[in-house]
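We use all heavy atoms of the structure for the numbers below, so side chains are in, but hydrogens, waters and symmetry mates are not. All residue numbers in this chain count up from 1 along the given sequence.
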Amino acid sequence: MAFKSDFLRVLDKRGFIHQISDPEGLDKRVLRGPITAYIGFDCTARSLHVGSMLPIMMLHWLQQTGNKPITLMGGGTTKVGDPSGKDGARRLLTDADIADNMAGIKQVFAKFLKFGDGKTDAVMVDNAEWLDELKYISFLRDYGPHFTINRMLTFDSVKLRLEREQPLTFLEFNYMILQAYDFVELSRRYACELQMGGSDQWGNIINGMELGRRVGERQLYALTSPLLTTSSGAKMGKTAAGAVWLNADMLSPYDYWQYWRNAEDADVERFLRLYTTLPMDEIRRLAALQGAEINEAKKVLANEATTLLHGAEAARAAAGTAQKTFEEGGAGENLPTIDGKPGDGLLALFVAAGLAASNGEVRRAVTGNSVSVNDAKVTDPAYAISESDFGTDGMIKLSLGKKKHALVRRAG
């Protein structure tokens, strides 16, 4: 349908919408005035990864079009673990682990949202505020009758696990009830009317919407985004070297820049729509570039995405390092850098530098003639660096193929 509200028109044009519970009703509601919406983020690691950028950008556009975002920290639900898309139960974290992870995750949101006390300023809430205080028997009596086992078994988070004959614990089975209760609680506390998330969360979000209706809350709405993979089918946020983290202390701005610069040609337009704030006319112009010129569009994508997360200065430094490394044959000072000493093995250094995920991957790359030290090919996987490998600046340049580079700084 042709949306009339700025919020849904922007999300639709940029490719964020997969499902909406009541498209016409939600469009009319947003037209009446600012709507409050939330997305939940469980605290399973010290940083979110690039797969979380899509929901973060949804909250960004929600606020940019005059509405109020809530970022819900899962201090409570992380203790249970979301079974969606998982073959096994998540590792149970201690309260201290969850608190540390939450502290790491929180820092990213202020780069995309304006927080404060204003009408459309974002707020950050921890669902442990109410979940930790629930009295189990009272909670079951008040809300348990609104859920049926028959219905819960039809949701993908449950059905897919059972179809694979993987155990689903009773603890995990409770997750969808707690997420549904989150929606109702946010409706009561903050007049929140919309929950957003990835398409794998559709069942959980609908549960909350229906629970709100049954307990007499205001009209609630659900909106999900598509679950993205790259054109080659790879999962967003994963590379051979590991997760593409959003926190700079877990992944350097240069590596983040390179992740976007190395996007597949077929993904460039879609990524520009979803992960930058460039105007649509400019995105269409860049998407029309052909042949070698598509690389210029990839550089724009990398610059814009890195600027949003790490700032313009970090993006410029990453672009400058890439130019020096790839176009001028040098070794940019902002490349990922590790310490090393004569005698260190090549395999361990490549893994430590994040250029490969395992020793086996490096061995295969050596066999494939893809490993270089100081731009000289290495053919022996048992190669150990020597004193002579260190330049006058005390550095060694490691390269895996043409696009992955790192530096080894002489320890001591």
ask   = Just by modelled atom types, is the Leu278 backbone N or O under 3.5 Å from a matching donor or acceptor in the Thr276 side chain?
value = yes
message = As a test of understanding, state which of Gln219, Arg29, Arg218 forms a side-chain hydrogen bond (donor to acceptor under 3.5 Å, both in side chains) with Glu193.
response = Arg29
query = Do the non-hydrogen side-chain atoms of Leu54 and Phe16 ever get within less than 4.5 Å of each other?
reply = yes
message = To check you understand the geometry: which heavy-atom pair defines the closest contact between Met209 and Ala222, and what is its length?
response = SD-N, 4.0 Å
inquiry  = Under the rule for side chain to side chain contact (heavy atoms under 4.5 Å, CB included), what residues qualify as partners of Thr65, not counting sequence neighbours?
reply    = Asp6, Phe7, Val10, Asn67
task = Would you please test Gln195 and Gln179 for side-chain contact (heavy atoms from CB on, under 4.5 Å) and show each step?
result = CA-CA 10 Å; Gln195 183 182 172; Gln179 184 171 332; 2.9 Å; yes
task = Please examine the side chains of Asp42 and Tyr175, heavy atoms only from C-beta on, and report whether any two atoms are closer than 4.5 Å.
result = yes
inquiry  = Using the rule given for side-chain contact (heavy atoms from CB on, under 4.5 Å), can you reason through Trp260 versus Val300, listing the C-alpha separation, both sets of side-chain angles and the distance that settles it, and then say yes or no?
reply    = CA-CA 9 Å; Trp260 297 108; Val300 172; over 6 Å; no
message = Quick check: do Asn207 and Ile177 have side-chain heavy atoms less than 4.5 Å from each other?
response = no
ask   = Are any side-chain N or O atoms of Asp121 and backbone N or O atoms of Gly118, one a donor and one an acceptor, separated by less than 3.5 Å?
value = yes
request  = First locate atom CD of Gln201, then atom CG of Leu227, and finally report the distance between them rounded to the nearest 0.5 Å.
outcome  = 9.0 Å
ask   = So, does Gln19 use its side chain to make a donor-acceptor pair with the main chain of Ser225 at under 3.5 Å?
value = no
ask   = Roughly how far, to the nearest 0.5 Å, is CG of Asp182 from SG of Cys192?
value = 10.5 Å
remark   = Those residues at least two apart in sequence (or on a different chain) that pass salt bridge (charged side-chain N to carboxylate O under 4.0 Å, His left out) with Asp380 are none
ask   = Taking the side chain as C-beta and beyond, is there a heavy-atom pair between Lys111 and Leu309 under 4.5 Å?
value = yes
ask   = Who are the side chain to side chain contact (heavy atoms under 4.5 Å, CB included) partners of Asp100, not counting sequence neighbours?
value = none
inquiry  = According to salt bridge (Lys or Arg N to Asp or Glu O under 4.0 Å), does anything in residues 58-79 pair up with another residue at least two apart or in another chain? List the pairs.
reply    = Lys79-Asp95, Lys79-Asp132
task = Could you list all the side chain to side chain donor-acceptor pair (under 3.5 Å) pairs where at least one residue sits in residues 50-62, not counting sequence neighbours?
result = none
query = Under 3.5 Å, side chain of Ser47 to main-chain N/O of Asn247, donor-acceptor pair present?
reply = yes
note = In terms of heavy-atom contacts, Ala384 and Gly343 come closest through CB-O, 3.7 Å
message = Just to verify, what does Phe109 make a ring-ring contact (aromatic ring centres under 6.0 Å, His included) with, not counting sequence neighbours?
response = Phe41
key: Pairing of Arg189 and Glu129 as salt bridge, 4.0 angstrom limit   = yes
inquiry  = Run the side chain to side chain contact (heavy atoms under 4.5 Å, CB included) test against Asn101 and tell me which residues pass, sequence neighbours left out.
reply    = Cys43, Arg46, Leu93
Charged N-O contact under 4.0 Å between Glu217 and Arg188 = yes
note = Looking only at heavy atoms, the pair that brings Tyr383 and Val378 closest together is CB-CG1, 3.8 Å
ask   = Sequence neighbours excluded, which residues qualify as salt bridge (charged side-chain N to carboxylate O under 4.0 Å, His left out) partners of Asp344?
value = Lys341
ask   = How far does CE of Met280 sit from CG of Leu272, to the nearest 0.5 angstrom?
value = 9.5 Å
message = Check this for me, if you would: do Glu282 and Arg285 make a salt bridge, where the nitrogen-to-carboxylate-oxygen distance has to be below 4.0 angstrom?
response = yes
request  = Given side-chain hydrogen bond (donor to acceptor under 3.5 Å, both in side chains), test Asn127 with Thr77 step by step and report yes or no.
outcome  = CA-CA 7 Å; Asn127 62 16; Thr77 44; 3.1 Å; yes
request  = Would you check, one step at a time, whether the test salt bridge (Lys or Arg N to Asp or Glu O under 4.0 Å) holds for Glu296 with Lys299?
outcome  = CA-CA 5 Å; Glu296 295 307 309; Lys299 291 177 184 177; 3.5 Å; yes
query = Looking at Leu62 and Pro69, what are the two nearest heavy atoms and their distance?
reply = CD2-CA, 3.6 Å
message = Any side-chain to backbone donor/acceptor pair from Glu293 onto Leu289? Under 3.5 Å, distance only.
response = no
query = If every non-hydrogen atom of Lys377 is compared with every non-hydrogen atom of Ser372, which pair is closest and at what distance?
reply = CD-OG, 3.5 Å
ask   = Are Lys4 and Asp27 close enough for a salt bridge, meaning some N to O gap below 4.0 Å?
value = no
request  = Mind running side-chain contact (heavy atoms from CB on, under 4.5 Å) on Tyr275 and Val50 for me, showing each step along the way?
outcome  = CA-CA 10 Å; Tyr275 300 111; Val50 78; 5.5 Å; no
key: With Tyr143 via ring-ring contact (aromatic ring centres under 6.0 Å, His included) - residues at least two apart   = Phe139, Tyr181
key: Qualifying residues under salt bridge (charged side-chain N to carboxylate O under 4.0 Å, His left out), relative to Asp255, sequence neighbours excluded   = none
ask   = Does a side-chain heavy-atom distance below 4.5 Å link Leu346 with Val371?
value = yes
message = Among residues at least two apart in sequence or on other chains, which ones pass side-chain hydrogen bond (donor to acceptor under 3.5 Å, both in side chains) with Asp265?
response = Lys298
inquiry  = To the nearest 0.5 Å, what is the distance between CE on Met196 and OG1 on Thr224?
reply    = 11.0 Å
inquiry  = Can you confirm whether Ser21 sits close enough to Leu26 that some side-chain heavy atom of one is under 4.5 Å from a side-chain heavy atom of the other?
reply    = no
query = Are any of the side-chain heavy atoms of Lys397 and Leu407 separated by less than 4.5 Å?
reply = yes
request  = Kindly indicate, with the supporting measurements, whether the criterion side-chain contact (heavy atoms from CB on, under 4.5 Å) is fulfilled by Leu223 and Leu11.
outcome  = CA-CA 11 Å; Leu223 187 157; Leu11 258 59; 4.2 Å; yes
task = Please name the pair of heavy atoms, one in Met102 and one in Asp126, separated by the smallest distance, quoted to 0.1 Å.
result = CE-OD2, 3.4 Å
key: CG on Leu286 to CD1 on Ile294, rounded to 0.5 Å   = 8.0 Å
Pair Tyr38 + Tyr190: ring centers closer than 6.0 Å = no
task = May I ask you to decide if Arg9's main-chain N or O and Arg14's side chain share a donor-acceptor pair within less than 3.5 Å?
result = no
inquiry  = Can you confirm whether Phe350 sits close enough to Ile338 that some side-chain heavy atom of one is under 4.5 Å from a side-chain heavy atom of the other?
reply    = no
key: Residue pairs, two or more places apart or on separate chains, that pass side chain to side chain donor-acceptor pair (under 3.5 Å) and touch residues 300-318   = Trp257-Asn303
query = Any donor and acceptor pair, going by atom type alone, linking the side chain of Thr367 with main-chain N or O of Arg363 inside 3.5 Å?
reply = yes
